Amino acid sequence: MAAFLVFPSYLPLGSQILATILFALSADLVLGYAGIVTLGHAAFFGTGAYTSGILAVNGWGEPISGLLAGALAAAVIGVVSGFLVLRTSGLTLLMQTLVVATLLHEAANRASSITGGDDGLQGMQMWPIFGVFRFDLFGRTAYIYCLVVLFLCWWLARRIVHSPFGRSLTGIRENVLRMHAIGAPVMRRRLVIYTISAALAGLAGGLIAQTTAFVGLGFLSLDRSGTVLIMLIIGGVGRLYGAFIGVPLYMIAQDRFSEVAPVYWYFWIGLLMVLVVAFARGGIFGLVGRLRR
Amino acid sequence: MSEAARGAMLETRGLCKSFGALQVANSIDFRLERGARHALIGPNGAGKTSFVNLVTGALTPSAGQVLIGGAEVTDLPQSERIKRGLARTFQVTALFRRLTALENVTLAIAEREGVADDLFWPSGRHQRVIEEAYVLLESLDLADDALRPVNTLAYGRQRLIEIAVALGLAPKVLLLDEPAAGVPSSETGLVAGIVERLPPDIAVLIIDHDMDLVFRLARRITVMVQGSVLVEGPPEVIAADPEVRQVYLGERQRR
């Protein structure tokens, strides 16, 4: 909200940050709570983005239903791929999530008549939200739209994390052997959270597609899956608020540094990663928590 | 119910399991009565842990049957057997390390009560579950540690919480896999104390090497060697059995 008043010229970046926070939040649900290490979360982000985008390009520009369609499509990919990959764990699981995202990436590349292939998906016409609020040139509507969706999803994620189901996910992360031994349906629980997380990632992708009016193959890339993990680790994994710190920090730094030193900036983000892993396990949020104690 | 009334809470009939040429269970007939305090002993590699895994469903037998409360469970998965009252602890402490003792026990009770699928309402609404967990810890003299993360507790205390988590499932049959493993000998008494105070109608099977513990707790002992039951009987008979002395107690003294 503050950014809305203070930095009006940064609103488009602000919207992207909000949507990316949602993406990181969805990754935190599987990585931080259920302990499912994934390198393919962009599969769901991209599926949501392409679904919302393709609808808008083909004459259905109603934002809310387009967004929900994106979430639904991502959830379907989540439940189907989760059913297959969640049977494994560790490195095998990591590779399989990567494979799912790569398959989708290649599928989007091949289906260029629908997705625009390398050129990306262009020419979206978004209708006003509720038929009233137009997406303006300055990105005010887009910013508030993203803010509202993020808030609702954050509220939902918070409910889930603090529910008995959420506690049982923490149990699965801490000791899956013991969860089996107390009779928990581990596979089902993991599949449920994986699907919910996929839906939220789909919403995030849909938001970016709708507010930037562009979807490209990069939305499904390994780079996208990896970057969201980096942002999450910088902010702090498994605490729901890590995304709110790591994502803005990363994206604002990227925005600033890429003007000053476009190539060099990865050095600084790399250095930051090394410092976080070496001295601030639990990310910046974890560090703040420790200093206050 | 009539089956259960006859007494056998846990029974195996002709249980066999082999990994290739290695036979880890060779036609094991075993009965655990209601309220039993039974110990399973045997040298390393005798197949004690494999037996536990066959009973809990972690391993599938090559032949034979497993019955809980008189009903056959041989083809049922682990979770179904737990619902029928089978609980176990682990030789190497298997706790939710960064969670508090109270949370550890609460997770078990939440699974038993079926509230763990609730994905929307705060955990705090299930007050009954949390209260039950606290009462359980209190009954084991662990209330002081209830709010501490278990990885900050001494190993001896962790072994007690290991048992508390299993008790959270309100078991009819409790398998204790080396309950005092890794605990300094000065503290094994604490573990024994908890086992002695377990509700009398629970059937308890203790798998252990520690002869002092076994002879203190068990009213019946089964000796396993190379996947087979060598002999079964009350402690004084086992202690006097020349064959047992040779293969097991003798071997232990030699070390």
Side-chain angles (χ1 to χ4, degrees), chain A residues 26 29-30 32-35 75 79 87 152-200 236-240 281-282 286 289-290 293, chain B residues 52-53 56-58 76-90 92-100 102-126 129-130 149-151 161-162 165-171 175 177:
Chain A
S26 76
L29 283 180
V30 288
Y33 287 90
V79 76
R87 296 174 183 281
L152 291 175
C153 292
W154 167 80
W155 177 80
L156 184 71
R158 199 168 166 276
R159 294 288 311 212
I160 292 171
V161 163
H162 293 295
S163 71
F165 172 84
R167 301 310 295 164
S168 83
L169 290 180
T170 310
I172 291 171
R173 182 193 70 201
E174 290 290 307
N175 196 330
V176 69
L177 176 74
R178 195 55 182 261
M179 282 310 272
H180 281 295
I182 61 173
V186 171
M187 174 69 193
R188 192 178 78 209
R189 297 260 163 79
R190 276 159 53 115
L191 189 57
V192 167
I193 195 63
Y194 199 65
T195 306
I196 292 173
S197 167
L200 294 185
V237 179
R239 39 188 89 237
L240 220 48
R281 301 300 287 270
R290 257 185 296 165
R293 237 177 269 149
Chain B
V52 170
N53 287 335
T56 59
L76 295 182
Q78 205 173 352
S79 56
E80 273 307 310
R81 301 183 193 203
I82 293 159
K83 273 191 203 138
R84 286 161 194 247
L86 180 70
R88 69 165 296 182
T89 65
F90 291 85
V92 178
T93 307
L95 293 171
F96 310 109
R97 294 184 51 76
R98 283 181 288 180
L99 306 187
T100 65
L102 187 66
E103 285 172 312
N104 269 266
V105 177
T106 304
L107 280 175
I109 297 174
E111 292 297 339
R112 189 194 83 214
E113 292 282 312
V115 305
D117 279 315
D118 176 349
L119 158 154
F120 192 68
W121 301 104
S123 304
R125 263 171 87 109
H126 301 280
V129 171
I130 299 167
V150 292
N151 63 0
I161 291 161
E162 177 80 21
V165 171
L167 288 176
L169 299 171
L175 309 179
D177 194 354

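Every value quoted in this text rests on a predicted model; they were computed, and no experiment measured them. Proteins get letters first, then strands, A, B, ... in listed order; numbering begins at 1 in each.
At a 4.5 Å heavy-atom cutoff, B:Ala58 makes no contact with chain A through either its backbone or its side chain. Heavy-atom distances place both the backbone and the side chain of B:Ala108 under 4.5 Å from chain A. Neither the backbone nor the side chain of A:Leu169 comes within contact range of chain B; no heavy atom of the residue lies under 4.5 Å from a heavy atom of that chain. Contacts of B:Leu107 with chain A are made by both backbone and side-chain atoms, with heavy-atom separations under 4.5 Å. The contact between B:Ala116 and chain A is made by backbone and side chain atoms together, counting heavy-atom distances below 4.5 Å. Looking at B:Val165, the atoms closer than 4.5 Å to chain A (heavy atoms on both sides) sit in the backbone and in the side chain alike. Heavy atoms of A:Val161 lying under 4.5 Å from chain B are absent altogether. For chain A, the nearby part of B:Glu103 is the side chain; its heavy atoms alone come within less than 4.5 Å. Only the side chain of A:Arg189 comes within contact range of chain B, with heavy atoms under 4.5 Å apart. Both the backbone and the side chain of B:Glu162 come within contact range of chain A, with heavy atoms under 4.5 Å apart. For A:Leu156, the part lying near chain B is the side chain, with the backbone staying farther off; criterion is any non-hydrogen pair under 4.5 Å.
What you find for B:Ala94 and A:Leu177 is that their closest heavy atoms are CB-CD2, 4.3 Å. In this structure, A:Arg178 and B:Ala166 approach most closely via the heavy-atom pair NH2-N, 3.6 Å.
B:Leu95 places none of its side-chain heavy atoms less than 4.5 Å from the side chain of A:Glu174. Side-chain atoms of B:Glu111 and A:Pro185, non-hydrogen and from C-beta on, do get closer than 4.5 Å to each other. Contact check for B:Ile82 versus A:Ile182: no side-chain heavy atoms found under the 4.5 Å cut-off. Here the side chains of B:Trp121 and A:Arg159 are in contact, with some heavy-atom distance below 4.5 Å.
Ranked by heavy-atom pairs under 4.5 Å with chain A, the first of B:Arg81, B:Arg125, B:Glu80, B:Arg98 is B:Arg98. The candidate from A:Arg167, A:Arg158, A:Arg173 with the greatest count of non-hydrogen atom pairs under 4.5 Å with chain B is A:Arg167. Of the listed residues (B:Lys83, B:Arg112, B:Arg97), the one with the most heavy-atom contacts under 4.5 Å to chain A is B:Arg97.
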